[in-house]
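Okay, structure first, notes after.
Chain letters run A, B, ... following the sequence lines, proteins first, then strands; residues in each count from 1. Quick caveat, the model's predicted, so the values are computed rather than measured.
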Protein chains: 2
Amino acid sequence: MSKKATGNPRRDESLSRAQIIEASIALLDANGEPGLTFRTLAERLATGAGAIYWHIDNKSDLLLASCDAIISHVTKATAPTKTPEAGIRSVALAIFDAIDAHPWVGSALTRAAGKLPMVRILERLAEQVCALGVPEGDRWSAVSALLSYILGVAGQNAANRQLAQALQLDRSTFLEDVSTVWSQLDVNAFPFTRELAKALPGHDDRADFIAGIDFILCGINANGHLR
Amino acid sequence: MSKKATGNPRRDESLSRAQIIEASIALLDANGEPGLTFRTLAERLATGAGAIYWHIDNKSDLLLASCDAIISHVTKATAPTKTPEAGIRSVALAIFDAIDAHPWVGSALTRAAGKLPMVRILERLAEQVCALGVPEGDRWSAVSALLSYILGVAGQNAANRQLAQALQLDRSTFLEDVSTVWSQLDVNAFPFTRELAKALPGHDDRADFIAGIDFILCGINANGHLR
DNA sequence: ACCTGAACACCGTTCAAGT
DNA sequence: ACCTGAACACCGTTCAAGT
């Protein structure tokens, strides 16, 4: 009996890029960024480590493609909204939730400057900003502010999640730990942080996130009134 | 003649944490994040790789400490400003410029969730937000929005710089390259991005950055008027 | 107390060799 | 055309042994 016939069933069809990305996402979801390794990936795909390089350029290509698989799904069909403001909130929240579900997407997004995943988000934002009536010359700064803010929250959220994961803590105990550290800071040097520490454990990430979006929307609209 | 007496002059005093951090920053500035290695660092400090571990916990500790050395300097004494708004802009710009000078600080900041460098920025922002007259209950969302935005731009800027550095391109040719890629995207799928591509090469990062800060400030102030 | 430097357990990536 | 898997050139980190 050949090894191929029984044990460790080999794939029948050849490896595909889509298969690799799917397995990559599974690994990233399960064990975070350090969980994605060419060796682990090869094992999971029942192939050799080098085989992957036939379909993928390198690790950063793999990470980018995995990130794009998530983001493209999220930015695809969003339900039509009554106002452009609501549209922006809905795009933003969709990304927020995606990163909540896949923390590694946050850091991948930050490193994919100008690449497809970022562009997908940019496009949806620009679409709504345009619908808001912002003239072409002012669109860039509006879109760029929204994008930076979204990516900023994305990055921070991802970092929080990954740190909590590495320390084997759930979200709330992690926040409590940060809160206690903050409240023990030097009173003279960090009076405000000590105050804010109280609010930290109870706060709602998602609500804070849209609050920020609304601040920016307010600024964008106010700029319009000046014209 | 002993090796110690002439060649490769050994340090006279023992290694210090400050020395290590100084050397670490020099390496990071010179060759970016991949330029920082325990081996290179040890060589530069004329010591063994393991010696560093007597003073530093691990690489992430080293990166955090290096980042904090930059940020603490930047957040230290800022000139008093006429308005809190100006104060916020000045803090924000100081960080923007620091990351411009040390791109690796941007990514380090993103990964240092809740740690000292982030707290230093948070404190300065909270101070000014308080001076703005925002009541304690509303401060967190205002500070958090500003912080997320600043860290978002920080991260993106750092990513751009590091990518450009890796590709051996200067800022303007890098932006032009991104711009051409964007303008070649599918018209149906990315009409807005194609439009924005035109504005990309000419735009002023720093001006865009404060434009975003002003959007948020506008939102924070408007919230006050509702009370 | 502080340092040395070999050794360990990993990485991503390459490439001759196979089918 | 696609895959194999050993080999290469790195990493961060540890630790017995030194001073």
Side-chain angles (χ1 to χ4, degrees), chain A residues 2-5 7-21 23-24 27-28 30-67 104 107-108 111-112 162-163 166-167, chain B residues 2-5 7-21 23-24 27-28 30-67 104 107-108 111-112 162-163 166-167:
Chain A
S2 84
K3 192 187 164 197
K4 218 158 195 170
N8 221 357
R10 280 276 130 109
R11 286 156 288 97
D12 284 342
E13 315 96 41
S14 70
L15 209 53
S16 76
R17 195 178 152 91
Q19 261 172 58
I20 295 176
I21 291 165
S24 161
L27 286 174
L28 287 164
N31 307 307
E33 247 190 82
L36 178 61
T37 287
F38 276 85
R39 271 160 251 255
T40 336
L41 191 58
E43 195 186 358
R44 186 148 185 148
L45 291 165
T47 182
I52 298 166
Y53 279 88
W54 187 262
H55 305 273
I56 259 77
D57 283 352
N58 47 48
K59 189 164 186 181
S60 101
D61 178 33
L62 179 57
L63 219 42
L64 184 67
S66 305
C67 174
W104 53 272
S107 23
R111 263 171 285 140
Q162 279 163 350
L163 205 60
L167 298 169
Chain B
S2 85
K3 194 189 165 197
K4 219 160 195 168
N8 222 357
R10 280 277 130 109
R11 286 156 288 93
D12 283 343
E13 315 95 40
S14 71
L15 208 54
S16 76
R17 196 179 152 91
Q19 261 172 61
I20 296 175
I21 291 166
S24 161
L27 286 174
L28 287 164
N31 306 308
E33 246 189 83
L36 179 61
T37 286
F38 276 85
R39 271 160 251 254
T40 335
L41 192 58
E43 196 186 357
R44 186 148 184 148
L45 290 165
T47 182
I52 297 165
Y53 279 88
W54 187 263
H55 305 272
I56 257 81
D57 283 352
N58 47 47
K59 189 164 185 180
S60 101
D61 178 33
L62 178 58
L63 219 42
L64 184 67
S66 305
C67 174
W104 53 272
S107 23
R111 261 170 286 140
Q162 279 163 351
L163 206 60
L167 298 169

| field | Residue mapping more 5' on DNA chain D - nearest nucleotide basis, G50(A) or W54(A) | value | W54(A)

| query | So which nucleotide from dC3(D), dA7(D), dA7(C) ends up closest to the side chain of R39(A)? | reply | dA7(D)

| said: How many whole angstroms separate atom CZ of R17(B) from atom P of dC2(C)? | reply: 14 Å

| query | Between S16(B) and H55(B), is any pair of side-chain heavy atoms under 4.5 Å apart? | reply | no

| field | Side chain proximity check, R111(A) to L163(B), heavy atoms < 4.5 angstrom | value | no

| message | Counting only Watson-Crick pairs (N1-N3 plus N6-O4 or O6-N4) and G-U wobbles (N1-O2, O6-N3), all under 3.5 Å, who is the partner of dA9(D)? | response | none

| query | Rounded to the nearest Å, what distance is computed from the CZ atom of residue F38(B) to the P atom of nucleotide dA7(C)? | reply | 21 Å

| query | What is the pairing partner of dG18(C), taking Watson-Crick or G-U wobble pairs with both distances under 3.5 Å in any strand? | reply | dC2(D)

| How close or far is atom P of dC2(D) from atom NE2 of H55(A), stated in whole angstroms? | 7 Å

| Atom pair CD/NZ of E33(A) and K59(A) - distance to nearest 0.5 Å | 7.0 Å

| task | Could you check which of dG12(C), dC3(C), dC3(D) has an atom nearest any side-chain atom of A51(A)? | result | dC3(D)

| request: Please work out if I56(B) contacts a base, only the sugar-phosphate, or nothing of the nucleic acid, heavy-atom cut-off 4.0 Å. | output: nothing

| task | Give the rounded distance in Å between these two atoms: CG of L36(B) and C1' of dG12(D). | result | 11 Å

| remark: Rounded to whole Å, CD of E33(A) lies from P of dC11(C) at a distance of 14 Å

| remark: Ranking dC3(D), dT13(C), dG12(C) by distance to the side chain of N58(A), first place goes to dT13(C)

| field | Rounded interatomic separation in angstrom, taking CD1 from I52(B) and C1' from dA6(C) | value | 16 Å

| field | Reported CD1-to-CG distance for the pair I52(B) and D61(B), which is rounded to 0.5 angstrom | value | 12.0 Å

| task | Taking only the side-chain heavy atoms of Y53(B) (C-beta and beyond), determine which of dC11(C), dC11(D), dT14(D) contains the nearest atom. | result | dT14(D)

| field | Of the listed nucleotides dG12(D), dC3(D), dA7(D), the one nearest the side chain of K59(B) | value | dG12(D)

| remark: The reported gap from CD1 in I56(B) to OG in S24(B) (rounded to nearest 0.5 angstrom) is 8.0 Å

| L41(A) near the nucleic acid: base, sugar-phosphate alone, or nothing, with a heavy-atom cut-off under 4.0 Å? | nothing

| request: Whole angstrom is fine here: how far is it from CD1 in I20(B) over to P in dC2(C)? | output: 12 Å

